[in-house]
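Sequence lines set the chain letters: A, B, ... in the order given, protein chains first and strands last, and positions in each chain run from 1.
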Amino acid sequence: MLFFSYFKDLVGQEVTVELKNDLAIRGTLHSVDQYLNIKLENTRVVDQDKFPHMLSVRNCFIRGSVVRYVQLPPDGVDVDLLHDAARREARGG
Amino acid sequence: MSGEEDATVREPLDLIRLSLDERIYVKLRSDRELRGKLHAFDQHLNMILGDVEEVITTVEIDDETYEEIVRTTKRNIQFLFVRGDGVILVSPPLRAP
């Protein structure tokens, strides 16, 4: 739930999603769900010459499980809040 | 303050919790390694790292000499979410910071 909440707070910001197949997509975070599936708007592929597959795609839905990284805006969210939330999380199982 | 927090280390995730706000080393699948400051993590080992250096290691084999050429590619990212299913291990940095 921690990262679901974090991404919900980040809606509207520009992020770069790097997939496990090395494709990197930059766009505006439109929405996210509990599986960390991501919907991006205004997308453009980072290395367009290497990955011409999605030249005309402007909005996409990305399955959470294919994400390797999400590059985030550094001033996205309060880092101290993240620390506190992480300390409370990751318990019990 | 933020209320009562258990300081006892009981399970492996508690060990990672000790490294919050510290620099850590993360080994990932596909011969990748990350070094960065741990800002957040969860039970899946999804993480948010700050001031990250990513190192990708590739091995090329020469066709004739069969010599192994090890190359590393480095990249710096300021603020990175890492999906937990790619994580192999988490540790304090392997060299003196």
Side-chain angles (χ1 to χ4, degrees), chain A residues 1-11 13-27 29 32-38 40 46-47 50 62-93, chain B residues 1-22 24 26-34 36-56 58 73 75-88 90:
Chain A
M1 284 303 287
L2 198 177
F3 290 102
F4 178 34
S5 307
Y6 171 77
F7 279 117
K8 276 196 290 187
D9 289 340
L10 219 49
V11 164
Q13 304 222 28
E14 275 260 303
V15 296
T16 301
V17 181
E18 185 177 320
L19 307 183
K20 293 192 165 89
N21 65 353
D22 291 342
L23 178 62
I25 305 168
R26 186 157 184 81
L29 184 62
V32 69
D33 67 13
Q34 51 171 321
Y35 306 107
L36 304 184
N37 295 327
I38 290 169
L40 290 181
V46 169
D47 192 344
K50 195 175 172 197
I62 302 171
R63 193 184 207 274
S65 63
V66 310
V67 172
R68 181 187 289 139
Y69 304 133
V70 180
Q71 294 173 35
L72 308 160
D75 47 357
V77 156
D78 187 347
V79 154
D80 293 322
L81 283 176
L82 273 180
H83 288 174
D84 289 341
R87 272 190 208 102
R88 287 192 295 269
E89 187 98 351
R91 262 287 194 176
Chain B
M1 273 284 189
S2 47
E4 207 175 298
E5 280 163 15
D6 197 349
T8 323
V9 172
R10 290 215 191 89
E11 45 179 49
L13 289 176
D14 295 333
L15 276 176
I16 301 181
R17 206 148 53 103
L18 296 176
S19 295
L20 270 174
D21 208 21
E22 307 278 347
I24 55 164
V26 184
K27 189 189 215 303
L28 300 173
R29 301 184 70 173
S30 305
D31 300 309
R32 286 165 195 256
E33 299 162 293
L34 298 173
K37 193 176 215 197
L38 180 63
H39 288 307
F41 71 102
D42 67 7
Q43 70 272 31
H44 304 294
L45 259 43
N46 295 324
M47 288 184 268
I48 289 186
L49 300 175
D51 293 320
V52 191
E53 184 196 51
E54 179 199 38
V55 177
I56 307 168
T58 52
T73 317
R75 191 159 63 133
N76 283 296
I77 304 152
Q78 255 193 304
F79 211 56
L80 188 71
F81 166 83
V82 182
R83 192 172 164 91
D85 56 11
V87 174
I88 296 174
V90 178

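With a threshold of 4.5 angstrom between heavy atoms, B:Ile48 approaches chain A through its backbone and through its side chain. Neither the backbone nor the side chain of B:Arg29 has a heavy atom closer than 4.5 Å to any heavy atom of chain A. When heavy atoms are compared at a cutoff of 4.5 Å, A:Thr16 does not approach chain B at all. With a threshold of 4.5 angstrom between heavy atoms, A:Asp75 does not approach chain B through any atom at all. With a threshold of 4.5 angstrom between heavy atoms, B:Ile56 does not approach chain A through any atom at all. Both the backbone and the side chain of B:Asp21 come within contact range of chain A, with heavy atoms under 4.5 Å apart. Heavy atoms closer than 4.5 Å to chain B are found in the side chain of A:Phe3, but not in its backbone.
B:Ile77 is linked by a side-chain contact (heavy atoms from CB on, under 4.5 Å) to A:Gln71, B:Arg75, B:Leu80, counting only residues two or more places apart in sequence or in another chain. For B:His44, the ring-ring contact (aromatic ring centres under 6.0 Å, His included) criterion is met by no residue, not counting sequence neighbours.
The distance from atom CG of B:Leu34 to atom NZ of B:Lys27, rounded to the nearest 0.5 Å, is 11.5 Å.
No side-chain donor-acceptor contact under 3.5 Å links A:Asp9 to the backbone of A:Tyr6. Between the side chain of A:Arg68 and the main chain of B:Gly86, no donor-acceptor pair closer than 3.5 Å is present.
The most heavy-atom pairs under 4.5 Å with chain B, out of A:Leu36, A:Val79, A:Leu2, come from A:Val79. When the candidates A:Val15, A:Val67, A:Val17 are compared by the number of heavy-atom contacts under 4.5 Å with chain B, A:Val67 comes out ahead.
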Quick one, A:Phe7 with B:Phe81, criterion ring-ring contact (aromatic ring centres under 6.0 Å, His included). Give me CA distance, side-chain angles, the key distance, then yes/no. CA-CA 10 Å; A:Phe7 279 117; B:Phe81 166 83; 5.0 Å; yes
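Using a 4.5 Å heavy-atom threshold, the side chains of B:His39 and A:His83 count as touching.
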